[in-house]
Amino acid sequence: MKNLRVNMDKWFDRLEENWLALPIRKQHKCILYFFLGYVLLTAGVIFKVWYDTRMSGNNMIIEHMENPGLKKKKSPATLQDTIYTIIKNKTYERKSE
């Protein structure tokens with residue numbers, strides 16, 4: 001990990017030296033081009049979001065909520081838990097009395 005940090009520091013130092021070696025005019029042009037690219041990208045994203053929201057149609061269907069318990073189908077598999085089966089049978093026994 002320490003070796004990675006040292007290599008990164010060296011690489012950043014070389015980048016800084018190359019940047020400072022450029023004339024001021026070229027530095028300003030590079031910064032201007034990066035800024036213009038950023039502005040164009042931002043404008044493109046804002047336009048895309050605006051276009052998608054405008055063309056969505058806003059067709060939301062509002063319906064009554066349904067109880068998911070009523071839709072639940074019983075599993076055809078038999079129960080594997082015997083304790084639950086015993087408790088269930090006791091419940092039925094109480095109702096028959």
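Position 1 is the first residue of the sequence, and the numbers go up from there.
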Is there a side chain to side chain contact (heavy atoms under 4.5 Å, CB included) between M8 and F12 once you walk through the steps? CA-CA 6 Å; M8 285 178 53; F12 285 133; 4.0 Å; yes
Nearest 0.5 Å, please: how far is OG1 in T53 from NZ in K48?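 Spacing of NZ (K48) from OG1 (T53) equals 10.5 Å.
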CD1 on I46 to CG on L41, rounded to 0.5 Å: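 The CD1 atom of I46 is 10.0 Å from CG of L41, to the nearest 0.5 Å.
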Assign the ring pair Y51 / F47 to parallel, tilted or perpendicular, where the plane angle (0 to 90°) is split at 30° and 60°.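 Plane angle under 30°, so parallel.
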hydrophobic_cluster_shared for L20 and L22, side chain cutoff 4.5 Å: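 Yes, it is one cluster - the side chains of L22 and L20 are joined through contacts under 4.5 Å.
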Matching residue for R5 among N7, D9, N3 - test: side-chain contact (heavy atoms from CB on, under 4.5 Å):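 For R5, the side-chain contact (heavy atoms from CB on, under 4.5 Å) test succeeds with only one of N7, D9, N3, which is D9.
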For side chain to side chain contact (heavy atoms under 4.5 Å, CB included), just list the numbers for V39 and F35, CA-CA rounded to whole Å, side-chain angles, deciding distance to a tenth of an Å, and then say yes or no. CA-CA 6 Å; V39 167; F35 180 70; 3.7 Å; yes
